[in-house]
Structure formats: structure tokens, C-alpha cells
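Comments concern the structure below.
Hydrogens, waters and symmetry mates are skipped; everything else that's a heavy atom, side chains included, is used. Order of the sequence lines fixes the chain letters, A, B, ..., with proteins taken first and strands second; residue numbering starts at 1 for each chain. All values derive from a computational prediction rather than experimental measurement.
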4 protein chains.
Amino acid sequence: MEFSKNIPIYLQIVDYVIEQILLNEWQVEARVPSVRELGGHIEVNPNTVMRAYRDLEEKNILYNKRGIGFFVSKEAHKLIMKIKKNQFMKEDLPVMFNKMALLGLDMEDVMKMYKKRKG
Amino acid sequence: MEFSKNIPIYLQIVDYVIEQILLNEWQVEARVPSVRELGGHIEVNPNTVMRAYRDLEEKNILYNKRGIGFFVSKEAHKLIMKIKKNQFMKEDLPVMFNKMALLGLDMEDVMKMYKKRKG
Amino acid sequence: MEFSKNIPIYLQIVDYVIEQILLNEWQVEARVPSVRELGGHIEVNPNTVMRAYRDLEEKNILYNKRGIGFFVSKEAHKLIMKIKKNQFMKEDLPVMFNKMALLGLDMEDVMKMYKKRKG
Amino acid sequence: MEFSKNIPIYLQIVDYVIEQILLNEWQVEARVPSVRELGGHIEVNPNTVMRAYRDLEEKNILYNKRGIGFFVSKEAHKLIMKIKKNQFMKEDLPVMFNKMALLGLDMEDVMKMYKKRKG
DNA sequence: GTGGTCTAGACCACC
DNA sequence: GTGGTCTAGACCACA
């Protein structure tokens, strides 16, 4: 796994986990990889993975059975979507629109990129 | 000047300088405030201002005349736009598209928000 | 470590690091001393070492793993040679040729010295 | 006049003056431009020019008639050649040879550059 | 433990 | 006056 330099790794792991859940790679109510497994897999200190899991536990996306491991919560999808959609609409989009205005770009330019990406 | 807590001050100064240049408050080929002046003005250590100026010098947005001060380069506007555009196209947009895919949103939803904003 | 007075210490550290790498004292992909270690060792403020390391990071000779340390990059040798060769060809040689012209020396004189040195 | 960034301007002026003398642009026993003239001409603070002239005065390459100006000394050429030749042979060449060895270059490479320059 | 940022304050060369 | 370097020492996030 490649990590971007300017974002804390544990946050990138949080995003990674969320992605796995949304893609149903990690299923609801199923056990997720242990911090050691995942740490070994993505070549990251288990402590760092733990920090990410704790973050997700706080958001009720994961929960923990002592001595067994972390599990994807029932409401994981709902919670993730709620958090992310809100964030996207209220924060990401306005910021993007501002940047576009500043750069003299309009939606057509964005559309081009969007289609390019899909093609 | 108010500083956000989670972003290094020197980076916020970089952004501030760029803003001043784009707004033509600091004109091309003109001297910008000395590190001590600006440091005093925004209540920041001169060294911190220096770090920001050095960053901008590296990007050829500012240049330096020994013993005299820092100046806005001729190509400052062009370079700023280039950097920002690049960042937007290569970093911001792909991230956004990713999020959209995960959230099940498409360009129509974005268009709606865009029009709402303008209206 | 002895520092020459007229050259900034951090640049002398840069040279020192480059030397260590070329001599394979500091091996490719291996961790280099932390800024505090090296700072303590050569009796220089860690900040000064940091500045040198940052310079080398910019040139892609060192890279950095968050919370772990600085490492010698894979291409370090190649990059060092490239930088040095370039410097020699584009800066040192032209200056030398100029001096020779002003002093009324030609390549024969230089050759003599060269052979003398080798013999 | 273009100044290299890493060498003090006054030293670059010293070199410039020496060059003018060697090229007989500034003749022996003739008055050289006043600090203001030269300063205006090459767009440099007169103080900086003065510092260069003082340097050259110390080396007996220029001398000063109070209220009149600076003049090229009789022995200017001899002194310059002596200083420079010595410097070149004892300092510049050995340094260059060392660099060549390090970079794996030999005199042939240098010859190529030399001919290229002349051609 | 690591790097990263920031401050206060010093001293320097240069203009 | 200007930038440039350096120190000592602090505090922080991250691993």
C-alpha cells in the first residue's frame, strides 16, 4: 500500500477500511483483520493500525469483542454514508466550487476529466 | 491574522502571500515586506516568515536581492495559477471522483449543487 | 568534525552525508542517523542537521518515513553523480576556461600539471 | 550585469575590474570609473563598489588619489597575473583534478568541452 | 523513539 | 537596513 506523505497514515488506514466496507470486501458483522495481520499486510506498525481501528470504533463503524477482534458494525454502511455524504455536500463541494472560480474553470472542464477517467 | 491550528503557520503564510499577489496587493517586481516587518505585523517569528519566503523562492514566485529584500517575480501569477491548476486537476478532482463513486453519487448531483450555488 | 568557517554548517553536513553515501558507509535503503544522533555526534544543533537532511530530501537523495527516520534513497548514487557531473561541466569547467584565457594558459599547461600529478 | 547568487557582489565586482584591466579596457595609470559611475552602470550600490575598490587597493592593483579617484597601478598586470596564476596552479587545478577523479572523468572529456567552447 | 514546527535571541555578511 | 545561519529549548503528531 502506498501512503500519501502529508496525511497521517492512521487516517489513510481509516479511509482504507471504510473503502473495504463500502465495497463489501469486509462484510457487516464479520471479523476484520487483526491489527497484526493488517499491519503486516500493508507494512505498517500495528500500533498505527490500532489507532485507526479505535477511531472507527468511536464512530461505531467497528466494534470490538475482547479477546476476539474487531467487527464491522450493523450500521456501518449507514453511518459511513451519512458522515461522508454530509462531508461531501457541505464541505468538499463548496471548497471545490471556490477553487474552480478562482482558477477560471467551469463544470465543463470537470466533466471532461470525469469522462476521461471513466473511459 | 488568525491561524488555523492544524496547518503549519509557515504554510498559511505561503497561502497568504499568494493571496496578496493574486489580489495585486503585492505587485509584481515590487518588494514585499521584510521578514521582520511581516513577522511583526502578523505576530509571528521572523524565522517562520523566512521559511515561508524560502518556500516561495524555491517555486520562483518570490526572488531575493541580497541585503535588500524579497520581490515578487515577473512570472508569479503564471506560476501560481499553474501550480493551483495542476493541484486541482491531478489531486483534488481524482479524490472527489473517488468519493463520488463510493457514495453512489454522479455528476448530476454535483451539477445540481453547482447550479444551486450560483442561483 | 571540523567545520570550515565560511561555508554554512548545514551545507557542510550535506557534503558529509553525500560522502558517507558514496563511500557506502551509509548504505542505500538503510536508515541514516536521526537528526539528534548526528547532531550529538558532530556537535551541532539538531535543527541544523534537519536543514541539511531536508535539502537532501528535496534532491531525492534521502527520503523519510514518518516517525521512523530518514533513509538513503535507491537512486542516491545516481542522483549524486548526476548533480556533481552537471555542476562540474556547467559551472566549474567554464569558469576554469575563462581563467585560462585571461591568464594566457592553454590546455597544454594543464596537461603538464595533470601528468605531473599522476606520475 | 548579471550576478551569481552565491558569491558576494563585491567579489564579483573585483573579478570584473580585474577582467577589465587584463583586457586593457581599463588602462594602466588611467582613472577608473568612480564608484558612482560604476555603481550606476552595473546597478549596484556605490558602497558595494567602494568595498571592491578598497579590496583592490589593498592588493596594490588600484591606487587612490584623494579627491580625484582610483587609478590602475603600474604593476597591476604583474600583480594580477602573479596572484591568479598562483591560485590557479596551486588551488584550482588540484581541486579540479580531484573532482575529475571522483566523477570518473579524464582529460579527454575536458578537452572535448574545451574545443566545444572554442568552436 | 522519530521528524516537524515554532520561538526568542544571537551573530554574521552584505547593501 | 536586509536576508542567512545557528542555537537552545519547547511542544506536537506520529509510529
On DNA chain F, more 5' by nearest nucleotide between Pro8(C) and Ile7(A) is Pro8(C)
Check: Glu57(A) side chain, Arg54(A) main-chain N or O, donor-acceptor pair, under 3.5 Å | no
Using a heavy-atom cut-off of under 4.0 Å over every strand shown, decide if Glu57(B) touches base, sugar-phosphate, or nothing.
-> nothing
Picking from dT2(F), dT5(F), dT7(E), the nucleotide nearest the side-chain atoms of Glu37(B) would be dT2(F)
Q: State whether Arg51(B) places a side-chain N or O below 4.0 Å from either non-bridging phosphate oxygen (OP1 or OP2) of dT5(E).
A: yes
- Please state whether the rings of Trp26(B) and Tyr16(B) are parallel, tilted or perpendicular, taking 30° and 60° as the class boundaries. perpendicular
Practice prompt. Look at the side-chain N and O atoms of Asn47(C) and state whether any lies under 4.0 Å from the OP1 or OP2 oxygen of dT5(E).
Written response: no
Contacts of Ile68(C) and Leu11(D) projected onto DNA chain E by closest heavy atom; the upstream (5') one is Ile68(C)
When rounded to whole Å, the CG to P distance for the pair Asn45(B) and dG3(F) reads 14 Å
Exercise for the section: Could you tell me whether the phosphate oxygens of dG3(E), OP1 or OP2, come under 4.0 Å of any side-chain nitrogen or oxygen in Tyr53(C)? Expected result: no
From the candidates dG4(E), dG4(F), dC6(E), the one with an atom nearest any side-chain atom of Arg54(C) is dG4(E)
- Would you classify Val44(B) as touching base, sugar-phosphate or nothing, given that sugar-phosphate means primed atoms plus P, OP1 and OP2, and contacts are heavy atoms under 4.0 Å? sugar-phosphate
Do Tyr63(B) and Glu29(B) meet the criterion of a side-chain donor-acceptor pair at a distance under 3.5 Å?
yes
Between Lys78(C) and Glu75(C), is there a side-chain N and carboxylate O pair less than 4.0 Å apart? no
Pairing partner of dC11(E), by Watson-Crick or G-U wobble and under 3.5 Å for both distances, is dG4(F)
Among the nucleotides dC14(E), dT5(E), dG3(E), whichever has the atom closest to the side chain of Tyr10(D) is dC14(E)
By nearest-heavy-atom nucleotide on DNA chain F, the more 5' of Gly67(C) and Arg66(B) is Arg66(B)
### Query
Are any of Ser34(B)'s side-chain N or O atoms less than 4.0 Å away from OP1 or OP2 of dT2(F)?
yes
